[in-house]
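Read the structure below first, then the notes.
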Amino acid sequence: MTRCPGCHSSDIDVFFSVDDVPTNSALLLDTREEAVSLPVGQIRLSFCGTCGHVFNAAFKQALAEYSGRYESTQGYSAVFNSFHRRLADDMIDRFDLHDREVIEIGCGNGEFLVMLCERGGNRGVGFDPAYQPGRVPIPEDTHVTFVADFYGDEYTDHSADFVVCKMTLEHIIDTRQFVTDLRKAIGDRPDTHVCFQIPNADYVIGDQAFWDVYYEHCQYFSPGSLAHLFRSCGFEVDDLWTDYDDQYLVIAARPSVEPTGKKALPRQPAEKDVSLLADEVQRFRLDVPVRLDVWRRRISDAATSGRRIVLWGGGSKAVAFLTTLGIGDEILGAVDINPNKQGTYLARTGHRVIGPDELASIRPDEVIVMNPIYLEEIRAQLHAMDLDPTLTPIE
Ligand SMILES: [Zn+2]
């Protein structure tokens, strides 16, 4: 029987299915052959009627690869970098991070941890199996070390004043175990602050962002289901908020001094009733198939009439968009400003990832923007190249 990974309830409803999606959408794939023959898995997006959590009931952790081939940085975008700096400063302020020990779980190549340590004068240890030394420069006098491994039992002797974990929890199927282990590792240090950032399921489900539903993301937390998870694993929730145009959800928690479940803790304002989430799930179930048909028809009609269309964004959203719609040659390629991605191929569909400068010869009629938050940045870049295609933000 399928059970909710957050609360273990069996009140589960599968409301959206996609077959044969790539099990990895963020790998750097050097040849089209390698890209199109990538393993596939299934999506069975499921809603827990007890805690409001959404998850992929068909996810198999063993199929997800997080190696040096895993490329997830957004650090080539000025918009993202300024958000990242603001987030680091906000955390330094909020948690008084000066001269502190900081751990980042799932630190990627360490951009954010380096910022926290450099800007707050902290000492950091970052954990990530996909960490690649040298990709992010470490300024002199900044005390940061990295462990290219999953954070687990063997590392719990690294004590910290602050534990941060961004865009990682949604990749882990046994979240209860993960958060319980973290609580155990913190032990008897009630002043340790914990801060997790994940995609906001209220946005993914409420805004019907089907391009944000992909295999590696096995979990989709709403504020309520995230708070529920932390509380039931021995934390008190201090705050819950959204950022990055509501795309991200952030939770701040501290170890609970009361035994789990012994004390009624006040709910955070961001926590919605499960019944409201159930309504959004119901609308997703009914509306998304219609939206998919509209997109398919639009793209196919445009391609038939000779319009040259590219995507802007060559990451997981692009892969999810193309594989969910079943789009092939109608789209000419996917632009990405990350030079490490240029010249690689998108998982399963095999679309080529190109640099913006190639658009000078492609001269697209239309650019589908995979994340509207970058719209103005993209418009400026196209303008500088004297190109004026129609910009279609995904919606
Ligand atoms: Zn649940």
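Whatever order the structure lists ligands and atoms in, that order sets their numbers, starting from 1. In this text, all values refer to a predicted model and were calculated from it rather than measured experimentally. Computation of the quantities below employed the complete heavy-atom set of this structure, encompassing side-chain atoms and omitting hydrogens, waters and symmetry-equivalent molecules.
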Check: [X] ring centre within less than 6.0 Å of [Y] ring centre:
X: F15; Y: F284; result: yes
X: Y220; Y: F55; result: no
X: F95; Y: H193; result: yes

To check your reading of the site, what angle at the Zn ion (ligand 1) do SG of C7 and SG of C51 form, to 10°?
110°
Tell me whether the guanidinium CZ or amine NZ of R94 lies under 6.0 angstrom from the six-membered ring centre of W241 and within 45° of its axis.
yes
Got a sec: is C48 within less than 2.8 Å of the Zn ion (ligand 1) via an N/O/S atom?
yes
Closer than 2.8 Å to the Zn ion (ligand 1): does that hold for any N, O or S atom in H53?
no
